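Let me begin by presenting the structure, written as structure tokens, before commenting on it.
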Amino acid sequence: MNKKIYMDYAGTTYLKKQVFEEMIPYFKEEFYNPSSMCNEASKVKMAIDESRKIIANFIGAKREEIFFTSGGTESDNFAIKGIALKNKNKGMHIITSKIEHHAVLNTCEDLVKNGFEVTYIPVDKKGIIDLNALKSSIQKDTILVSVMMANNEIGTIQPIREIGRICRKKGILFHTDAVQALGHIKIDVEDMNIDLLTMSAHKIYGPKGIGALYIRKGTKIENIIYGGPQERGKRGGTENPPAIVGFGKAVSLLKEKRMEKDINKIKRLRNRLLEGLKEIPKIKLNGVESENRLDNNINISFENVDGELLLMMLFSKGICVSSGSVCSAGSSNPSHVLLALGSDKKLAKATVRFTLGDRNTEEEIDYVIKSVWEIVNILRK
Ligand SMILES: *Cc1c(COP(=O)(O)O)cnc(C)c1O
């Protein structure tokens, strides 16, 4: 097989053709600045508004609660820093988890440098948040809890509704990074008691460099990007109409019942891959078995195997996977997520993340199973 096999959909997805086609006019004839007074700009303005509506509907929010950003990273920064700065008179304590994306962890680190206090709640061996630890870490001066909806490395889905309920009861704002969850889990910000929610387009077959933050109406938040009056004065900078339109289209494609259909297909393929890989001796599946796990994720550690060599040999066979996390690829640091699960450093380094998407086939699955078996046998010799 000479073809390339892509199994790193949690890193990014390809751009769907229908999404790209929807974007094209806004690169070309509809180039107007949506803030312009001229008549021609109204079509651009309407297109942005339509995207906002689609995205809001998809998560049970109102149109005016959606703020476009440059992606998941900016949305996480906006949510956490924006709430921290606005509420520092009320308190300077923030709670998050040990397994968050670096967009959250490094934002929290920066706040610590500026006098805030951050508690990192632990997870159990499967990567699920300890709700009792969350409850007991709440202080009088806690202003924000930030816990991701689904983890990008091991795919564990957190008890978001319960976390939201705990926060609501205590009058603490609740932010969730839902970048990996979007399109995989049904999201309802009302039902889940969410005050702020991060989204990104390029993990759902949309363009890169565009995301959004849901901010519950009435939530006071400081700006992170100052500039013009765009995004109702909360996020300056000329809008990116093609990207916003593409984001909206990508979400609308998730809506067209495709979500369920694709999920079933991908889950079947994932389970086939898992069955094949589980037969390999001395391996460990990281995260939960199946329920509360993203439908497309497998994360496996291989004992007595050099993790870097394993990855290199998979690449040489045309198989694109990740070593647990894109951000830590290239650096030899073991994943903070796997360490939080109690994995030892050596095993954490010998870990591969397979994340599937709608272009994977059974033939690819079987080729990958065969290849991993071969490589692991060679490396263990
Ligand atoms: C990809 C990802 C991000 C970052 O989103 P970008 O749009 O790439 O900035 C944040 N959080 C999670 C969980 C992610 O998977």
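Everything numeric in this text was worked out from a predicted model, so none of it was measured. First listed ligand is number 1; within each ligand, the first listed atom is number 1.
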Suppose we measure from [atom] to each protein heavy atom; which comes out shortest, and what is that distance?
| atom | result |
| --- | --- |
| atom 10 (C) of ligand 1 | Asp177 OD2, 3.4 Å |
| atom 7 (O) of ligand 1 | Ser200 OG, 2.7 Å |
| atom 9 (O) of ligand 1 | Thr73 OG1, 2.6 Å |
| atom 2 (C) of ligand 1 | Lys203 NZ, 2.6 Å |
| atom 3 (C) of ligand 1 | His101 NE2, 3.6 Å |

Ring-face cation of Arg359 near Tyr14 (centre distance under 6.0 Å, axis angle within 45°): yes

Ligand-side contact atoms (ligand 1) for residue partner His202, heavy atom cut-off under 4.0 Å: 6 (P), 7 (O), 8 (O)

Ligand-residue contact atoms, ligand 1 with Gly71, heavy atoms, under 4.0 Å: 7 (O)

Okay, side chain of [X], backbone of [Y]: is any donor-acceptor separation there less than 3.5 Å?
| X | Y | result |
| --- | --- | --- |
| Asn297 | Thr355 | no |
| Gln180 | Ala10 | yes |
| Glu100 | Met148 | yes |
| Asp344 | Leu347 | yes |

Glu362/Arg272 ion pair, N-O < 4.0 Å: yes

For Thr156, side-chain hydrogen bond (donor to acceptor under 3.5 Å, both in side chains) partners two or more places apart: none

Heavy-atom proximity to atom 6 (P) of ligand 1, best of Gly72, Gly211, Gly11: Gly72

N or O pair under 3.5 Å between Gln180 and ligand 1: yes

